[in-house]
Amino acid sequence: MSKNTVTITDNRTGKSIECPIKDGVHGPSVIDSRNLYKELELFTFDPAFVTTASCESKITFIDGEKGILLYRGYPIEQLAKNSSYLEVCYLLLYGELPTEDQMKNFRGSICQHTLLHEGLSNFYKGFQHDAHPMAMLVGVVGALSGYYPDAMDIKNPEHRNMSAIRLIAKLPTIATRIHKYLIGQPYVYPRNSLDYVSNFMYMMFSRPTMDYEFNEKANRALEIMLILHADHEQNASTSTVRLAGSSQAHPFSCVAGGIATLWGPAHGGANEAVIRMLHNIGHSRNIPKYIDRFKDKNDPTRLMGFGHRVYKNYDPRATIIRESCHGLLKDLDMSQMPLFETAMELERIALEDDYFIERKLYPNVDFYSGIILSALNIPLNMFTVMFSVARTVGWVSQWMEMMNEPDLKIGRPRQLYLGNSRRDYIPMDKR
Ligand code: CMC
């Protein structure tokens, strides 16, 4: 019997199967159970994929116990300190940090595709003035597949690459246009002489009636936020993109599926919840009362932006974004504003409270990203759109990796059926 196997025995029949154990570079090894049904006529049962590796991947690695996050092997701390968001995009897409020439060409390709087809303006106009920006984002990105039927040859690596470039290039234009549409201001077209982040801020906040003043510190805080949210391995939205992609659907519609999944409050909506909570608290003098509520088992209110399903020690992204957040508030002279004062006091009190210390509940990335986005004047209902802009590269990188697999199969989970057993149709007058 090989050492690198797990023996699974069906005690009802005495039949056994040897399942190979496969080792990754980091992280837990996996049991390859693909022959289980063929040999034992059994499925595995793992709702919410809590212990199931759904794919092989070389893109992102997370160790929740040790608080490690690597993109293509590079620690997130090093990338956040030294890299730009576009360089991280290149790394996630192609696996290596770019040379100067490669970066220049990549940037050039992105710049060529920042414009939207003018026909899309009519699509925007179909939305109500109070539509949720995420509803618009899902719709517009899905609609975009209609403008690029040429990208349908997903077996062609050049077509795949073109789709990836188009999505990364157009997401800021799409997102900022949503904001402008909802506040009734004229659209601002991209300016390709600007870097990715400055272009975003320019399209989001400039107006034809006045000059727009860039703030380097604000831009860098946004850049760091985008880098930290660029990928997070097989989370719900990424798994959605992969599953949709496995049917060979158009890449833009796969990403629209990812955006729809991210919209949920259990996934991308937590940073918005942090700011709503801070508004509810209202003033730092009310914090002790709220802390009691967060700890009360009979009260469903939780301290939003604290705790994490995977990171049980600390969220490495939170350490980076915390510094960026504190620095930004100081630079913008906003630390004394009531909302931010409450946030900083809440952070201090919770970090010293035994309840949170014993349960290893630390601030997560959303605690600070919500505060940063508020400080940058991004409206609350646009927060998940910002997350979508950042995560688009993760979705397309994972999609490209999957489409490169030589034996790509359509994803098809199985089930444990608990419904009625076979029964015969009863005519309506006899029911
Ligand atoms: N406030 C108060 N108590 C908490 C909190 C919180 N935020 N989080 C966990 N707990 C308590 C929980 O009640 C439990 O206590 P006890 O052991 O006495 O029953 C203990 O801590 C363990 O909690 P859990 O629910 O088993 O932990 P989990 O891993 O299932 O939940 C979580 C993780 C993120 C859903 C949760 O911490 C939470 O709801 N946090 C607030 C929402 C939030 O900030 N979400 C964003 C997560 S980061 C998203 C990303 O990576 O993009």
Side-chain angles (χ1 to χ4, degrees), residues 47-51 60-65 67-71 76 80 134 224-241 258-259 261-278 280-281 287-322 325 343 346-347 349-374 380 383-395 398:
F49 304 113
V50 180
T51 58
T60 294
F61 173 73
I62 301 171
D63 186 327
E65 298 302 323
I68 293 172
L69 171 60
L70 310 175
Y71 290 166
I76 193 68
M134 282 300 279
I224 290 175
M225 191 233 132
L226 295 179
I227 291 173
L228 300 182
H229 286 82
D231 195 41
H232 215 221
E233 53 118 301
Q234 309 311 320
N235 54 78
S237 56
T238 303
S239 298
T240 303
V241 172
I259 295 169
T261 311
L262 189 74
W263 188 2
H267 194 0
N271 49 15
E272 193 177 325
V274 169
I275 301 302
R276 291 194 196 286
M277 173 191 71
L278 292 172
N280 286 341
I281 295 174
I287 292 174
K289 197 174 72 193
Y290 271 86
I291 290 275
D292 289 344
R293 290 188 61 186
F294 299 144
K295 298 196 267 190
D296 182 355
K297 290 283 161 252
N298 299 315
D299 189 325
T301 319
R302 280 194 163 189
L303 173 47
M304 300 311 289
F306 267 63
H308 200 277
R309 175 57 56 81
V310 178
Y311 297 117
K312 291 302 177 197
N313 233 328
Y314 65 92
D315 178 345
R317 301 168 301 170
T319 316
I320 302 161
I321 204 169
R322 177 179 193 272
C325 175
L346 179 61
E347 179 205 40
I349 293 177
L351 282 173
E352 288 172 2
D353 190 296
D354 283 346
Y355 173 93
F356 296 95
I357 295 170
E358 279 159 18
R359 288 169 181 74
K360 297 189 173 173
L361 298 170
Y362 300 102
N364 58 48
V365 68
D366 290 311
F367 186 78
Y368 302 105
S369 69
I371 298 169
I372 288 183
L373 293 175
S374 283
L380 200 51
F383 281 16
T384 321
V385 171
M386 301 299 293
F387 193 162
S388 308
V389 171
R391 185 54 60 83
T392 294
V393 67
W395 290 325
Q398 301 267 351

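Every number for a ligand or one of its atoms is a count from 1 in the order of the listing.
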If I apply the N/O under 3.5 Å rule, does [X] come out as touching ligand 1?
{"X": "Ala270", "result": "no"}
{"X": "Phe387", "result": "no"}
{"X": "His267", "result": "no"}
{"X": "Leu303", "result": "yes"}
{"X": "His232", "result": "no"}

Numbered atoms of ligand 1 (with element) below 4.0 Å of [X], judged on heavy atoms:
{"X": "Phe294", "result": "2 (C)"}
{"X": "Met304", "result": "42 (C), 44 (O)"}
{"X": "Gly307", "result": "34 (C), 37 (O)"}
{"X": "Gly305", "result": "43 (C), 44 (O)"}

In terms of heavy-atom contacts, Gly258 and Val241 come closest through CA-CG2, 3.7 Å
Heavy atom under 4.0 Å from ligand 1: found in [X]'s side chain, backbone, both, or neither?
{"X": "Arg309", "value": "both"}
{"X": "Tyr355", "value": "side chain"}
{"X": "His308", "value": "both"}
{"X": "Arg317", "value": "side chain"}
{"X": "Leu361", "value": "side chain"}

Distance check, rounded to the nearest 0.5 Å: [X] atom [atom1] versus [Y] atom [atom2]?
{"X": "Tyr290", "Y": "Asp299", "atom1": "OH", "atom2": "CG", "answer": "9.5 Å"}
{"X": "Phe387", "Y": "Asp366", "atom1": "CZ", "atom2": "CG", "answer": "6.5 Å"}
{"X": "Ile357", "Y": "Glu352", "atom1": "CD1", "atom2": "CD", "answer": "7.5 Å"}

Is there a side-chain contact between [X] and [Y], using heavy atoms and a 4.5 Å cut-off?
{"X": "Met134", "Y": "Val385", "value": "yes"}
{"X": "Arg276", "Y": "Met304", "value": "no"}
{"X": "Ile62", "Y": "Tyr311", "value": "yes"}
{"X": "Ile76", "Y": "Ile227", "value": "yes"}
{"X": "Leu346", "Y": "Phe294", "value": "yes"}
{"X": "Thr238", "Y": "Trp395", "value": "yes"}

Using protein heavy atoms only, decide if any is under 4.0 Å from atom 40 (N) of ligand 1.
yes
Give the residue, atom name and distance (to 0.1 Å) of the protein heavy atom nearest [atom].
{"atom": "atom 52 (O) of ligand 1", "result": "Asp366 OD2, 3.8 Å"}
{"atom": "atom 17 (O) of ligand 1", "result": "Arg359 NE, 3.7 Å"}
{"atom": "atom 47 (C) of ligand 1", "result": "Asn364 ND2, 3.5 Å"}
{"atom": "atom 19 (O) of ligand 1", "result": "Lys297 CE, 3.6 Å"}
{"atom": "atom 29 (O) of ligand 1", "result": "Lys312 NZ, 2.6 Å"}

Flag yes if more than 12 heavy atoms outside Phe49 fall under 6.0 Å of its CZ atom; otherwise flag no.
no
Quick test of your reading of the structure: of Arg293, Arg391, Arg302, whose heavy atom lies closest to atom 38 (C) of ligand 1?
Arg302
Using atom types as modelled and distance alone, determine if a side-chain donor or acceptor of Asn364 lies under 3.5 Å from a backbone N or O of Gly307.
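Here the side-chain-to-backbone pair exists.
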Given Phe383 and His229, is the ring pair (Phe, Tyr, Trp, His ring centres under 6.0 Å) satisfied, shown in steps?
CA-CA 12 Å; Phe383 281 16; His229 286 82; over 10 Å; no
